[in-house]
Protein chains: 2
Amino acid sequence: MPVPLYQAKADFFRTLGHPVRIRVLELLRDGPRPVRELLGEIEVEASNLSQQLAVLRRTGLVSAVREGGSVVYSLATPDIVDLLAAARRILTDMITGQGELLAELQAEAAE
Amino acid sequence: MPVPLYQAKADFFRTLGHPVRIRVLELLRDGPRPVRELLGEIEVEASNLSQQLAVLRRTGLVSAVREGGSVVYSLATPDIVDLLAAARRILTDMITGQGELLAELQAEAAE
DNA sequence: TGCTGAATTGAAGAATTCTTCATATTGCTC
DNA sequence: GAGCAATATGAAGAATTCTTCAATTCAGCA
């Protein structure tokens with residue numbers, strides 16, 4: 001398999017590796033939104049949000065259209081929802097696993 | 001929604017944001033493998049591979065057991081396969097989209 | 001015990017990514 | 001056109017992550 005493919009996949013995941021960008025994608029799951037609205041829900045400076053939106057745009061995960069005085073963002077493909085769901089599943093498993101581990105440790109300590 | 005949750009998700013994706021780590025996960029999709037074998041398939045130094053395996057271990061994406069003289073790695077949860085599949089789907093869409101765009105641009109240039 | 005192969009760890013400099021601030025662009029509205 | 005609100009961009013220092021090299025651990029075996 002070609003090396004650049006792994007690089008592309010890694011780059012892709014890396015663009016998801018930022019809390020603001022994740023938050024944006026999750027908000028856009030419910031439909032398109034203007035920047036102003038995103039800004040209202042994410043506690044971050046406007047210029048910082050713009051930077052993160054630019055990253056998402058460059059990667060092609062979102063698209064933006066100007067509507068009057070504002071810019072409306074939306075998910076480039078609904079497949080992103082599946083990806084986020086898969087990630088949530090894994091995280092849930094992992095946290096559950098840790099919970100069990102914790103329970104075991106506590107039981108052990110109580111002996 | 002709690003902020004640390006987004007941080008956790010971002011951290012999670014960030015651990016996937018490295019070509020060697022992606023490669024390892026894809027190799028482990030087919031079943032457990034000793035480090036020596038991974039090393040045979042990925043063109044990288046042993047110590048570098050170890051570093052990346054350590055990252056995957058810390059995040060809980062893989063688990064390792066010692067078997068005699070070697071250490072065998074495996075996926076912590078099969079859900080990871082779904083995640084990689086979802087990512088592949090999105091990447092395919094994106095590349096297809098670019099292909100179409102390229103085709104359009106070429107048609108335009110030929111006018 | 002001492003050696004060897006397999007894998008990991010620690011640490012330092014290089015490279016990349018983040019955050020922030022200042023400045024620029026764009027389209028309203030007067 | 002001037003002023004204003006919304007968004008984007010550029011650039012610099014701070015913070016994080018990568019790569020590499022040397023040193024270490026650990027099991028198995030002579």
Side-chain angles (χ1 to χ4, degrees), chain A residues 3-25 27-28 32-76, chain B residues 3-25 27-28 32-76:
Chain A
V3 174
L5 184 53
Y6 295 111
Q7 188 62 57
K9 289 183 185 179
D11 288 348
F12 171 72
F13 280 119
R14 205 177 302 155
T15 70
L16 297 175
H18 189 288
V20 170
R21 297 197 291 263
I22 286 286
R23 188 96 210 264
V24 167
L25 293 177
L27 287 170
L28 294 183
R33 293 206 183 208
V35 174
R36 190 172 7 86
E37 238 176 270
L38 296 174
L39 200 49
E41 308 232 25
I42 309 177
E43 61 303 327
V44 74
E45 286 181 40
S47 70
N48 196 341
L49 180 58
S50 256
Q51 299 269 14
Q52 307 313 330
L53 288 173
V55 173
L56 291 172
R57 249 185 292 127
R58 255 179 257 132
T59 317
L61 286 177
V62 304
S63 56
V65 294
R66 170 144 239 139
E67 278 188 19
S70 64
V71 177
V72 176
Y73 278 81
S74 51
L75 293 185
Chain B
V3 172
L5 184 53
Y6 296 112
Q7 188 61 56
K9 289 183 184 178
D11 289 347
F12 171 72
F13 281 118
R14 205 178 299 155
T15 70
L16 297 175
H18 190 288
V20 170
R21 297 197 290 261
I22 287 285
R23 189 95 209 267
V24 166
L25 293 177
L27 287 170
L28 294 183
R33 293 207 184 209
V35 173
R36 190 174 7 86
E37 237 177 271
L38 296 173
L39 200 50
E41 308 231 27
I42 309 176
E43 62 302 328
V44 74
E45 288 180 40
S47 69
N48 197 341
L49 179 58
S50 257
Q51 299 270 12
Q52 307 313 329
L53 288 173
V55 173
L56 291 173
R57 249 185 293 126
R58 255 179 259 133
T59 317
L61 286 176
V62 304
S63 56
V65 293
R66 171 147 239 136
E67 279 188 19
S70 64
V71 178
V72 177
Y73 278 81
S74 51
L75 294 184

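Every chain is numbered from 1, with letters handed out A, B, ... down the list of sequences. All values below were derived from every heavy atom in this structure, side-chain atoms included, with hydrogens, water molecules and symmetry-related copies excluded.
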* Distance-minimising heavy-atom pair for B/Tyr6 and A/Ile22 -> CD2-CG2, 3.9 Å
* Asked: Shortest non-hydrogen contact from A/Arg57 to A/Ala64?
  -> CD-CB, 4.3 Å
* Looking for any heavy atom pair under 4.0 Å, which part of the strands does B/Ser50 touch: base, sugar-phosphate only, or nothing? -> base
Rounded to the Å, how far apart are [X] [atom1] and [N] [atom2]?
| X | N | atom1 | atom2 | answer |
| --- | --- | --- | --- | --- |
| B/Arg58 | C/dG10 | CZ | P | 10 Å |
| A/Arg23 | C/dC18 | CZ | P | 18 Å |
| A/Gln7 | D/dC18 | CD | P | 11 Å |
| B/Asn48 | C/dG13 | CG | P | 19 Å |
| B/Glu43 | D/dT20 | CD | P | 12 Å |
| B/Asp11 | C/dC18 | CG | P | 12 Å |
| B/Glu45 | D/dC18 | CD | P | 16 Å |
| A/Glu37 | D/dA6 | CD | P | 13 Å |

Please check the phosphate of [N] (OP1 and OP2 only) for any side-chain N or O of [X] closer than 4.0 Å.
| X | N | value |
| --- | --- | --- |
| B/Gln52 | D/dT19 | yes |
| B/Arg57 | C/dT8 | yes |
| A/Arg14 | C/dT17 | yes |

* Might you work through the side-chain contact (heavy atoms from CB on, under 4.5 Å) test for A/Leu53 and A/Val71, ending with a clear yes or no? => CA-CA 11 Å; A/Leu53 288 173; A/Val71 177; over 6 Å; no
* To do: Check whether any side-chain N or O of A/Arg21 sits under 3.5 Å from a backbone N or O of A/Leu56 as a donor-acceptor pair, and report yes or no.
  => no
* Asked: So, B/Arg23 side chain and B/Glu41 main chain: donor-acceptor pair closer than 3.5 Å or not?
  -> yes
So if I take every side-chain heavy atom of [X] and compare against [options], which nucleotide ends up nearest?
| X | options | answer |
| --- | --- | --- |
| B/Leu53 | C/dT8, D/dA8, D/dT16 | C/dT8 |
| B/Tyr73 | D/dA8, C/dT8, D/dC26 | C/dT8 |
| B/Val71 | C/dT16, C/dT8, D/dT20 | C/dT8 |

Detail all sub-3.5 Å separations between protein N/O atoms and N/O atoms belonging to nucleotides 22-24 of chain C.
none

* Return the 5'-most residue of the pair B/Leu39, A/His18 with respect to DNA chain C, ranking by each residue's nearest nucleotide. => B/Leu39
* Distance-only donor-acceptor test, A/Gln51 side-chain atoms vs C/dT20 base atoms, 3.5 Å -> yes
* Output the distance between atom CG (B/Leu16) and atom OG1 (B/Thr59), rounded to the nearest 0.5 Å. => 8.0 Å
* Please round to the nearest 0.5 Å and tell me the distance separating atom NE2 of B/His18 and atom CD of A/Gln7. => 8.5 Å
* For DNA chain D, whose closest nucleotide is more 5', that of B/Arg21 or that of B/Glu67? -> B/Arg21
* Under the side-chain contact (heavy atoms from CB on, under 4.5 Å) rule, what do A/Asn48 and A/Val20 come out as? Steps first, then yes or no, please. => CA-CA 9 Å; A/Asn48 196 341; A/Val20 170; 5.6 Å; no
